[in-house]
Amino acid sequence: QKKLLTQGFSKQDVNRAVRRCNTVESAINYILEWEDMAEASDNRYFECALCMDDEIPGDEIVTLSCNHRFCRSCLKFLLELKLKEKHVTDADLCCPHQNCNVPLDLKIIEATLGEALYQKLLDVKLRRMYLTNTKDARECPKCSHIMIIEESDTKLLYDVTCPRKECGHRFCGKCGEKPHTKQKDLDLSCEKYADFLRK
């Protein structure tokens, strides 16, 4: 190790070589070959599987664990869109390549989004988990305020008014659409109302 360090090689390269080689000569060859490979990969261009641009420099490409590659800007745009639409479950945050459902590594998400947006994504993810796991929790579709309304309180459940003064949005506590059950002009189940909206 000392001989390699005195020849000017970095400590990281020396440690990598020592783990793989048993002579000084083979370690030097290993380090030189590694440097050549690293330099070659720095000068390579890759294709993004989303925008199909095939001249993306290596430092602008993100390679996922499934080996699909995307340019950083495409992946960031996609993640920001999912965050905006609150699609942050594990099933939502997976490789965007067609028919590939490999989950995105959290470190890749953090590096792509940056600290502030990553923290916002984690907050939204925690809110989604809380809403999914808490039977009586309801979220205002307009301002995202979370409130507790018991399932047994059908009078309140089918016509919720957001308690925030600056919001006051009215919605169905079952499906989040405008009130549609037991209303003066409307009395449809959530399923029938959803079907009505689709038509």
Enquirer: How long is the gap from CG on Asp195 to OG on Ser189, to the nearest 0.5 Å?
Expert: 9.0 Å
Enquirer: Backbone N or O of Tyr130 within a donor-acceptor pair of the Asn133 side chain at under 3.5 Å?
Expert: no
Enquirer: Are any non-hydrogen side-chain atoms of Ser65 and Asp105 less than 4.5 angstrom apart?
Expert: no
Enquirer: Using salt bridge (Lys or Arg N to Asp or Glu O under 4.0 Å), reason through Asp187 and Lys192 one step at a time and then give a plain yes or no.
Expert: CA-CA 10 Å; Asp187 190 11; Lys192 286 181 180 174; over 6 Å; no
Enquirer: Would you say the side chains of Arg170 and Thr161 form a donor-acceptor pair under 3.5 Å?
Expert: no
Enquirer: Measure the NE2-SG distance between His68 and Cys100 for me, rounded to the nearest 0.5 Å.
Expert: 5.0 Å
Enquirer: Just checking Gln98: does its CD atom have more than 12 heavy atoms from other residues, nucleotides or ligands closer to it than 6.0 angstrom?
Expert: no
Enquirer: Is any side-chain heavy atom of His169 closer than 4.5 Å to a side-chain heavy atom of Cys143?
Expert: no
Enquirer: Find out whether Arg72 and Ile61 are in side-chain contact, i.e. whether some heavy atom of one side chain is under 4.5 Å from a heavy atom of the other.
Expert: no
Enquirer: Supply the atom-to-atom distance Leu126 CG to Leu131 CG, rounded to the nearest 0.5 angstrom.
Expert: 11.0 Å
Enquirer: Show your reasoning for whether side-chain contact (heavy atoms from CB on, under 4.5 Å) applies to Leu79 and Leu117.
Expert: CA-CA 10 Å; Leu79 288 170; Leu117 281 177; over 6 Å; no
Enquirer: Side-chain contact, heavy-atom cut-off 4.5 Å: Tyr193 with Leu186?
Expert: yes
Enquirer: I'd like to check Leu64 versus Val102 (side-chain heavy atoms, cut-off strictly below 4.5 Å). Are they in contact?
Expert: no
Enquirer: When you check the gap from the basic side-chain N to the acidic O, do Glu151 and Arg138 get nearer than 4.0 Å?
Expert: yes
Enquirer: Are Leu83 and Phe77 connected, step by step, through hydrophobic side chains (Ile, Leu, Val, Met, Phe, Trp, Tyr) whose heavy atoms are closer than 4.5 Å?
Expert: no
Enquirer: Hey, what do you get for CG (Leu122) to CZ (Arg127), rounding to the nearest 0.5 Å?
Expert: 14.0 Å
Enquirer: Looking only at non-hydrogen atoms, find the nearest pair between Pro141 and Gly176 and report the distance.
Expert: CG-O, 3.3 Å
Enquirer: How long is the straight-line distance from CG of Leu104 back to NZ of Lys82, given to the nearest 0.5 Å?
Expert: 8.5 Å
Enquirer: Using a 3.5 Å distance criterion without hydrogens, assess whether the side chain of Thr181 forms a donor-acceptor pair with backbone atoms of Tyr158.
Expert: no
Enquirer: To the nearest 0.5 Å, what is the distance between NZ on Lys182 and SG on Cys172?
Expert: 11.0 Å
Enquirer: Is it true that a side-chain atom of Thr89 and a backbone atom of Asp92 form a donor plus acceptor pair closer than 3.5 Å?
Expert: yes
Enquirer: Begin from the C-alpha positions of Cys140 and Met147 and carry the test side-chain contact (heavy atoms from CB on, under 4.5 Å) through to its verdict.
Expert: CA-CA 8 Å; Cys140 173; Met147 61 207 90; 4.1 Å; yes
Enquirer: May I ask whether Val124 and Ile109 are part of the same hydrophobic cluster, defined by side-chain heavy atoms of I, L, V, M, F, W, Y residues being less than 4.5 angstrom apart, directly or through others?
Expert: yes
Enquirer: Hey, is Lys135 close enough to Glu150 for a salt bridge, meaning N to O under 4.0 Å?
Expert: no
Enquirer: Between Phe70 and Leu78, does a side-chain contact (heavy atoms from CB on, under 4.5 Å) hold up when you go through it step by step?
Expert: CA-CA 11 Å; Phe70 306 94; Leu78 191 73; over 6 Å; no
Enquirer: Can you find a pair of side-chain heavy atoms, one from Arg198 and one from Phe196, that are under 4.5 Å apart?
Expert: no
Enquirer: Taking the side chain as every heavy atom from C-beta outward, state whether His180 and Asp159 have any atom pair closer than 4.5 Å.
Expert: no
Enquirer: Do the non-hydrogen side-chain atoms of Glu139 and Lys86 ever get within less than 4.5 Å of each other?
Expert: yes
Enquirer: Under the side-chain contact (heavy atoms from CB on, under 4.5 Å) criterion, do Leu113 and Leu121 qualify, and how do the steps go?
Expert: CA-CA 9 Å; Leu113 284 177; Leu121 182 133; 4.0 Å; yes
